[in-house]
Amino acid sequence: MLWVKSFHIVFVAAWFAGLFYLPRLFVNLAMVPPESVAERQRLLVMSRKLLRFTTLLSLPALVLGLTLWLHYGIGRGPGNGWMHAKLLVVVLAVGYNHMCGALLRKFEAGVNQRSHVWYRWFNEAPVVLLTVAVVLVVVKPF
């Protein structure tokens, strides 16, 4: 079980590293002047690659987490309300990952309507999600 838990933590950390950086690329994309075609294309390529890599890293994180929950029974049974809250955080993180894909498609289509300031705030969401998940797992408040 400790091997599964260790690799789960590694893949969650790697997944979230991508979720921390991808919106930062969106900040830069939102700030690119219309005449800077090469800069825009370079940032789009970087964003596409990072989204692909981040999404791939999420898969083992999710599979290993499910293995810990379903096979090893972590967070199951009475007194494990923290796990329900953590599962909500996981669903929100997956949704955030998908939203990043949708936002990237808007940049690629040239129809982004959001400012770099909005993306700076959007960039804070994975920090909050990871913090809440770690507190729930370590502290187990309920």
Side-chain angles (χ1 to χ4, degrees), residues 1-77 80-142:
M1 174 180 66
L2 293 179
W3 284 99
V4 175
K5 191 183 285 188
S6 297
F7 282 108
H8 174 63
I9 293 167
V10 167
F11 281 106
V12 167
W15 175 27
F16 271 83
L19 292 180
F20 292 157
Y21 192 65
L22 185 58
R24 185 65 205 169
L25 289 173
F26 295 165
V27 169
N28 294 328
L29 271 165
M31 294 174 64
V32 172
E35 64 275 5
S36 299
V37 176
E39 181 181 3
R40 182 179 183 281
Q41 288 306 315
R42 181 177 50 82
L43 289 169
L44 283 173
V45 168
M46 290 171 61
S47 298
R48 275 193 293 276
K49 288 180 178 182
L50 185 56
L51 177 64
R52 188 177 315 119
F53 189 63
T54 299
T55 303
L56 287 173
L57 288 168
S58 73
L59 299 177
L62 295 169
V63 168
L64 292 167
L66 283 171
T67 301
L68 288 167
W69 184 43
L70 298 174
H71 182 70
Y72 292 104
I74 291 178
R76 290 174 50 188
N80 287 304
W82 63 270
M83 180 55 89
H84 298 286
K86 183 187 173 241
L87 290 173
L88 174 62
V89 171
V90 171
V91 169
L92 292 172
V94 170
Y96 185 88
N97 199 126
H98 284 285
M99 188 171 179
C100 284
L103 291 168
L104 177 56
R105 286 188 293 279
K106 287 187 177 193
F107 277 114
E108 291 173 327
V111 295
N112 173 55
Q113 298 292 319
R114 301 186 189 278
S115 72
H116 67 92
V117 174
W118 187 89
Y119 286 106
R120 288 177 197 276
W121 284 104
F122 180 73
N123 190 39
E124 300 305 320
V127 175
V128 173
L129 291 172
L130 184 60
T131 301
V132 170
V134 169
V135 168
L136 288 168
V137 170
V138 174
V139 178
K140 295 178 177 58
F142 44 90

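The residues of the chain are indexed from 1 along the displayed sequence.
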So which atom in Arg114 and which in Leu103 form the shortest heavy-atom distance, rounded to 0.1 Å? NE-CD2, 4.1 Å
Closest non-hydrogen contact found for Ser115 with Ala30 is C-CB, 4.1 Å
Under 3.5 Å, is there a donor-acceptor pair between the Asn123 and Trp121 side chains? no
Test item: Leu88 and His84 side chains (from C-beta on) under 4.5 Å apart, heavy atoms: no
Is there side-chain contact between Thr67 and Val63, with at least one heavy-atom pair below 4.5 Å? yes
Side chains of Phe20 and Phe16: does their closest heavy-atom pair fall under 4.5 Å? yes
Before you tell me yes or no, could you show the steps for Trp15 and Leu62 under side-chain contact (heavy atoms from CB on, under 4.5 Å), namely the whole-Å CA-CA distance, both residues' side-chain angles and the distance that decides it to 0.1 Å? CA-CA 10 Å; Trp15 175 27; Leu62 295 169; 4.3 Å; yes
So how far is it from Arg48 CZ to Arg52 CZ, rounded to the nearest 0.5 Å? 8.0 Å
Has Trp118 got more than 12 heavy atoms of other residues, nucleotides or ligands less than 6.0 Å from its CH2? yes
Assess whether atom NZ of Lys140 is packed by more than 12 heavy atoms of other residues, nucleotides or ligands within 6.0 Å. yes
Can you check whether Leu51's main-chain N or O pairs, donor with acceptor, with Thr54's side chain at less than 3.5 Å? no
At their closest point, which heavy atom of Trp69 faces which heavy atom of Met83, and how far apart are they? NE1-CG, 3.8 Å
Quick one: are Val12 and Leu130 in side-chain contact, heavy atoms under 4.5 Å? yes
Should the ring pair Phe122 and Tyr119 be called parallel, tilted or perpendicular, given that the plane angle runs from 0 to 90° and is split at 30 and 60? perpendicular
Which heavy atom of Leu19 sits nearest a heavy atom of Pro126, and at what distance? O-CG, 3.4 Å
Are Val89 and Leu136 close enough that some pair of their side-chain heavy atoms sits under 4.5 Å apart? yes
Sub-3.5 Å donor-acceptor pair from the side chain of Arg40 to the main-chain atoms of Leu29, do we have one? no
Heavy-atom pair of closest approach, residues Cys100 and Leu22: CB-CD2, 3.6 Å
Taking it one step at a time, do Phe53 and Tyr21 satisfy ring pair (Phe, Tyr, Trp, His ring centres under 6.0 Å)? CA-CA 12 Å; Phe53 189 63; Tyr21 192 65; over 10 Å; no
